[in-house]
2 protein chains.
Amino acid sequence: MKISAKGEYGMRAMAILALEFPAGPVPLREIARREEIPYQFLEQIFIPLRHAGLINSVRGAKGGYILAKAPSEIKVGDIIRALEGPIAPVDCVAENDADVCSRSTACLTKGIWQRLRDSMAEVLDDITLADVIKMSDQ
Amino acid sequence: MKISAKGEYGMRAMAILALEFPAGPVPLREIARREEIPYQFLEQIFIPLRHAGLINSVRGAKGGYILAKAPSEIKVGDIIRALEGPIAPVDCVAENDADVCSRSTACLTKGIWQRLRDSMAEVLDDITLADVIKMSDQ
DNA sequence: TGAAAGCCGAGTAATTTACTCAGGATTAAA
DNA sequence: TTTAATCCTGAGTAAATTACTCGGCTTTCA
């Protein structure tokens with residue numbers, strides 16, 4: 001029930017981008033240095049974040065990354081989904097609900113996983129990056 | 001954010017034991033057959049469940065496994081903890097709270113993980129095996 | 001032009017997962 | 001008292017996943 005380093009690093013990087021949102025684009029090197037994340041790994045992590053439309057890149061010297069929307073418009077759930085895939089403790093209750101469990105007895109436990117999934121999604125979709133940086137400066 | 005096959009199989013097996021609780025011990029072979037779980041893998045899964053005191057074994061012919069307590073006394077959270085370890089999306093907020101995150105900036109995201117952990121634990125500790133079998137026969 | 005940045009596909013070492021294998025110990029029933 | 005059914009255990013292993021690295025190209029500012 002753990003998220004991967006990709007998800008954890010990505011969330012920390014996005015929190016930095018939220019903090020620096022007013023200041024403009026932040027280069028990956030700086031994020032890597034501040035958060036002690038391997039630079040080349042961070043590059044890989046930013047690909048799905050960009051494809052999900054959560055960040056914009058500015059190429060060339062003085063470039064970097066910046067949130068595509070205000071921190072208050074970006075839900076933690078969006079970030080997790082971009083990096084870790086659909087929120088679901090087991091595949092058969094994936095959020096797209098392409099529910100393909102042939103087993104009848106799987107239904108014994110399906111209810112549990114649905115409730116867990118819903119509770120996880122509710123928490124993650126209730127917190128925005130604005131909340132994240134507000135939480136931490138207290 | 002997925003549970004492993006170990007956790008999923010284990011939960012299904014425990015649901016069977018809850019169903020058959022009044023009838024006495026169920027041999028592993030039968031559970032393996034009914035739930036289409038590899039028998040030798042299921043053997044491995046039952047070791048931590050027994051060590052956690054959730055099931056009792058009856059050795060020899062006509063033996064098998066039986067819940068150590070009534071289904072209403074066994075929380076889904078107990079099963080997950082026995083099979084998957086402490087409920088925590090990242091190690092630094094493990095339930096024992098041996099919080100060892102040296103990083104100050106890790107605290108940017110710590111609040112998220114704590115809230116997610118608490119919400120997951122609340123759901124899983126709110127559902128007992130009695131609820132599981134009640135849910136499914138509707 | 002050159003340095004600072006992002007972009008990208010491929011490769012790889014380490015770890016974890018999902019099992020299997022071989023055999024021993026216990027007990028009910030024939 | 002043998003036999004078959006069952007639990008118990010440690011070790012091994014193939015496949016998948018994770019957590020990266022490598023090399024090189026492209027874009028842009030000064």
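Convention: sequence-line order gives letters A, B, ...; per-chain numbering from 1.
In this structure, the CD1 atom of A/I37 is 16 Å from the C1' atom of D/dT21, given to the nearest Å. Atom-to-atom, CZ of B/R12 to P of C/dA18 comes out at 13 Å; the value is rounded to the nearest Å. We find that CG of B/L83 is positioned 14 Å from C1' of C/dT17, with the value rounded to whole Å. Taking atom CD1 of B/I47 as the reference point, atom C1' of D/dC7 lies 10 Å away to the nearest angstrom. Rounded to whole Å, atom P of C/dT16 lies 10 Å from atom CG of B/D91. Note: CD1 (A/I45) to P (D/dT21) measures 11 Å, nearest angstrom. With rounding to whole Å, B/R50 atom CZ is found 17 Å from D/dT6 atom P. Regarding A/H51, its NE2 atom lies at a distance of 13 Å from the C1' atom of C/dG9, rounded to whole Å.
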Hey, what are the protein-to-nucleotides 23-26 of chain D N/O distances that come in under 3.5 Å?
| unit_1 | atom_1 | unit_2 | atom_2 | d |
| --- | --- | --- | --- | --- |
| D/dT26 | O2 | A/R59 | NH2 | 3.0 |

Could you list, one pair per line, each protein nitrogen or oxygen that sits under 3.5 Å from a nitrogen or oxygen of nucleotides 12-15 of chain D, together with the distance?
none

Note to self: Quick one, A/M1 with B/M1, criterion side chain to side chain contact (heavy atoms under 4.5 Å, CB included). Give me CA distance, side-chain angles, the key distance, then yes/no.
What the structure shows: CA-CA 5 Å; A/M1 287 304 263; B/M1 286 303 262; over 6 Å; no

Next item on the list: Given side chain to side chain contact (heavy atoms under 4.5 Å, CB included), test A/M14 with A/L129 step by step and report yes or no.
Entry: CA-CA 8 Å; A/M14 289 294 278; A/L129 280 181; 4.2 Å; yes

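A/Y39 is connected to A/I37 through a chain of hydrophobic side-chain contacts under 4.5 Å among Ile, Leu, Val, Met, Phe, Trp and Tyr, so both are in one cluster. B/V58 is not connected to B/L67 by any chain of hydrophobic side-chain contacts under 4.5 Å among Ile, Leu, Val, Met, Phe, Trp and Tyr, and they are in different clusters.
Legend: salt bridge (Lys or Arg N to Asp or Glu O under 4.0 Å) pairs involving residues 40-69 of chain B, not counting sequence neighbours: none detected.
Judged purely by distance below 3.5 Å, without hydrogens or angles, the side chains of A/E84 and A/S4 pair a donor atom with an acceptor atom. A donor and an acceptor atom, one from each side chain of A/S119 and B/S119, are located under 3.5 Å apart.
Residue B/V58 is the one, among A/K6 and B/V58, whose nearest nucleotide of DNA chain D lies closer to the 5' end (criterion: closest heavy atom). With DNA chain C read from its 5' end, the first of the two nearest nucleotides for A/A61 and B/Y39 is the one closest to A/A61.
A salt bridge between B/K75 and B/D131 is absent, with no side-chain N of the basic residue lying under 4.0 Å from a carboxylate O of the acidic one. By the 4.0 Å N-to-carboxylate-O rule, A/E36 lies too far from A/R12 to be salt-bridged with it.
With contacts defined as side-chain heavy-atom distances shorter than 4.5 Å, the pair A/E95/A/R81 qualifies. Looking at heavy atoms from C-beta onward, B/E35 lies in side-chain contact with B/I16 at the 4.5 angstrom threshold. For the pair B/E8/A/T109, no side-chain contact is recorded, criterion being any heavy-atom separation below 4.5 Å from C-beta on.
Contact detail for B/L49 and B/A82: the closest heavy-atom pair is CD2-CB, 4.2 Å.
Residues from residues 62-71 of chain B lying near DNA chain D, meaning a heavy-atom separation below 4.0 Å, are B/G63, B/G64, B/Y65 in numerical order. Sorted by residue number, the list of members of residues 17-32 of chain A with any non-hydrogen atom under 4.0 Å from DNA chain D is empty.
Residues meeting the ring-ring contact (aromatic ring centres under 6.0 Å, His included) test with B/F46, sequence neighbours left out: B/Y65.
Dashed line: the shortest gap from a side-chain N or O of A/S57 to OP1 or OP2 of C/dA5 is not under 4.0 Å. OP1 and OP2 of C/dA18 both lie 4.0 Å or more from every side-chain N or O belonging to B/Y9.
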